[in-house]
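What follows is a single structure, written as structure tokens, with notes after it.
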Amino acid sequence: MTAIPRRTRRTERPTPVLPTLPDDFAVRVIAWQQRYGRHHLPWQNTGDAYRTWLSEIMLQQTQVSAVLGYYARFIERFPTVQALAAAPADDVMAAWAGLGYYTRARNLHRCAQIVVAEHGGVFPRDPDVLTTLPGIGRSTAAAIAAFSYGVRAAILDGNVKRVFARAFGIDGFPGDKPVEETMWRIAEAVLPPAGGIQPYTQGLMDLGATVCTRGRPACLTGERACPLESLCEARRTDRVMELPLPRPRKAVPERAATVMMALHDHAVLLHRRPQRGIWGGLWSLPLVGDMDDALNAHPKDAATVRDAAQTYGTVGAVEPAGELTHTFTHFRLHMHLLRVDMTEPAALEDDWRWVSLTQLGTVGLPAPVKLALETLLQPSLV
DNA sequence: AATTCGGGGTG
DNA sequence: CACCCAGAATT
């Protein structure tokens, strides 16, 4: 009888090797935070899980400086989760316009309604329950639970990934699955006891934002002390500026769109974008033929634009009005602008409306569309 | 596991 | 211009 070699499962992966972790990591972070960390951000220590949640959603992929104004306006306009849940979706989108990642705003609204309808208006304290809510992933759930309720849970955001990559000498791009898994294990392993979770979590964020920064880390500029310097692997091996490894680069696709600016009686025609896709749910200038691959899409000619515009009224003059290029994270958009004068507007379907030029500020407009309008109109009107 | 979602800050 | 930011949802 010949022995049959046991087949190794193809899904089997080597257990990620964890670096040796110091036992005083959290102690260092907490002590540093209490003395040198940020203590006066408007969403800190409010004792209000609603405010913690709102700030965490706004801060996803968005810097503190960009969030401050939006947060203040949101709290004023929607002071409670009940107020937000009861608000029209359009109002929420308008308040979010300009912050980007508009799926966050739709999820925010849905989440508020679920919290009110199914949780009595109180945010859950269990991270696993929080994760089931729209817009809340593993890291955001941990941040909400830790800040609002003192629950011992690990975050892992861009700041923390950078601190870990340097402190523990983690090679590889942190967005890669295996690297990210390793970092989650580290994050769980270095957690302090529950009593210190708030200053610890805040301290990790503050370290990444003010000391262990991407461009000018304090250990190299000497501007301030880093509590991790004596244990930092990147510092020891002189690799601070190398870590974490950057995202592998790809060519940025080029796309083009013909943008119609139809005017009638000091009002402009706007169209609400579909919920899915770019600028989902936001009002925009109509795009004739939407966005096309720039290689085979040339600007639509005046006759095509006139044809498209006739759906919305009687068309007068059609004139080219310049070109704008906007770079997104994942593609570059060339916008060809055409101005259309409408002499007699027709009845409009849902998701279409004429907006007075003086009212444009009250509508949620994506930044490039706002820029196009500013280019075509007097800046004071937008 | 890889892609899709923005706008703005920073070097 | 390149790269990143208190990431999550989708495919």
Side-chain angles (χ1 to χ4, degrees), chain A residues 11 13 37-38 41 43-44 52-71 96-108 110-111 130-144 146-147 154-163 165 173-181 183-184 187 201-210 212-217 220-221 241 244-253 273-282 284 291 325-333 364-371:
Chain A
T11 56
R13 293 178 191 285
R38 298 175 292 188
L41 295 169
W43 44 82
Q44 285 180 313
T52 303
W53 163 71
L54 176 61
S55 71
E56 289 303 328
I57 302 299
M58 286 187 165
L59 286 160
Q60 287 169 0
Q61 297 298 101
T62 309
Q63 296 186 346
V64 168
S65 58
V67 164
L68 288 171
Y70 282 89
Y71 175 82
W96 196 274
L99 250 194
Y101 281 126
Y102 299 99
T103 298
R104 289 187 297 173
R106 287 197 305 279
N107 284 337
L108 186 84
R110 277 205 299 143
C111 182
L130 284 166
T131 303
T132 67
L133 296 169
I136 301 179
R138 181 172 175 183
S139 186
T140 300
I144 295 170
F147 285 138
I155 62 164
L156 186 62
D157 59 28
N159 281 327
V160 180
K161 285 176 177 173
R162 186 171 55 254
V163 171
F173 168 56
D176 272 353
K177 200 63 176 177
V179 179
E180 187 171 9
E181 263 179 42
M183 289 192 167
W184 272 117
T201 304
Q202 188 64 52
L204 272 186
M205 295 173 169
D206 293 351
L207 259 184
T210 67
C212 197
T213 61
R214 180 174 68 93
R216 307 175 67 246
L220 299 185
T221 66
M241 291 306 286
L245 296 191
R247 168 185 298 280
R249 236 20 212 155
K250 289 187 309 186
V252 177
R273 305 274 309 169
Q275 297 294 316
R276 326 269 314 223
I278 201 85
W279 303 332
L282 283 187
S284 165
M291 300 177 193
T325 298
H326 182 79
T327 304
F328 292 88
T329 306
H330 49 302
F331 67 92
R332 195 188 323 273
L333 177 65
L365 296 174
V369 173
K370 189 176 173 189
L371 180 63

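Chain letters run A, B, ... following the sequence lines, proteins first and then strands; every chain starts at 1.
- Summarising the local packing, CZ of A:Arg38 is surrounded by more than 12 heavy atoms from other residues, nucleotides or ligands at distances under 6.0 Å.
- A:Arg106 is linked by a salt bridge (Lys or Arg N to Asp or Glu O under 4.0 Å) to nothing, counting only residues two or more places apart in sequence or in another chain.
- Side-chain proximity of A:Thr140 to C:dC5, C:dA8, C:dT11: nearest is C:dA8.
- To the nearest angstrom, P of B:dT3 lies 14 Å from NZ of A:Lys177.
- Side-chain atoms of A:Arg38 come within donor-acceptor range of the base of C:dA6, with a qualifying N/O pair under 3.5 Å.
- No donor-acceptor pair under 3.5 Å is formed between the side chain of A:Gln60 and the backbone N or O of A:Tyr101.
- The same atom, C1', is picked in B:dC5 and in C:dC5; the two are 15 Å apart, to the nearest Å.
- We find that CZ of A:Arg162 is positioned 8 Å from C1' of C:dC5, with the value rounded to whole Å.
- A:Trp43 comes within contact range of at least one nucleobase, with a heavy-atom separation under 4.0 Å.
- To the nearest angstrom, P of B:dT3 lies 16 Å from CZ of A:Phe331.
- By the 4.5 Å heavy-atom criterion applied to side chains, A:Glu56 and A:Phe147 are counted as neighbours.
- Here CD1 of A:Ile155 is found 12.0 Å from CZ of A:Arg138. Values are rounded to the nearest 0.5 Å.
- Atom pair A:Leu245:CG and C:dC3:C1' shows a separation of 14 Å (rounding to whole Å applied).
- Among the heavy atoms of the strands, none lies under 4.0 Å from A:Leu333.
- Computed from coordinates, the A:Arg247 CZ to B:dA1 P distance equals 15 Å when rounded to whole Å.
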- Query: How does protein contact run along nucleotides 6-11 of chain B, one letter per nucleotide 5' to 3', with B for base contact, S for sugar-phosphate only, - for none, heavy atoms under 4.0 Å?
  - Reply: BBBBBS
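- The CZ-P distance, from A:Arg106 to C:dA9, rounds to 12 Å in whole Å.
- Distance CZ (A:Phe173) to P (C:dG7): 13 Å, rounded to an integer number of Å.
- Look at the P atom in both C:dA6 and B:dT4: the space between them is 24 Å, to the nearest Å.
- A:Ile136 comes within contact range of the sugar-phosphate backbone alone, with a heavy-atom separation under 4.0 Å but no base atom that close.
- Expressed to the nearest 0.5 Å, how far CG of A:Asn107 lies from CG of A:Leu133 amounts to 10.0 Å.
- Between B:dG8 and C:dA9, the distance separating the two P atoms is 24 Å to the nearest Å.
- Look at CH2 on A:Trp53: it is 16 Å from C1' on C:dG7, rounded to the nearest Å.
- Taking atom C1' in both B:dG9 and C:dA8, one finds a spacing of 22 Å when rounded to whole Å.
- Partners of A:Arg273 according to the salt bridge (Lys or Arg N to Asp or Glu O under 4.0 Å) rule, which considers only residues two or more places apart in sequence or in another chain, are A:Asp290.
- With the nearest nucleotide of DNA chain C identified for both A:Thr131 and A:Gln44, A:Gln44 has the one nearer the 5' end.
- Counting only heavy atoms from C-beta outward, the side chains of A:Leu54 and A:Tyr71 approach each other to under 4.5 Å.
- Contacts of A:Gln202 with the nucleic acid, taken as non-hydrogen atoms under 4.0 Å apart, include base atoms.
- OP1 or OP2 of C:dC3 lies within a sub-4.0 Å distance of a side-chain N or O belonging to A:Arg249.
- For C:dA9, neither phosphate oxygen OP1 nor OP2 lies less than 4.0 angstrom from any side-chain nitrogen or oxygen of A:Arg276.
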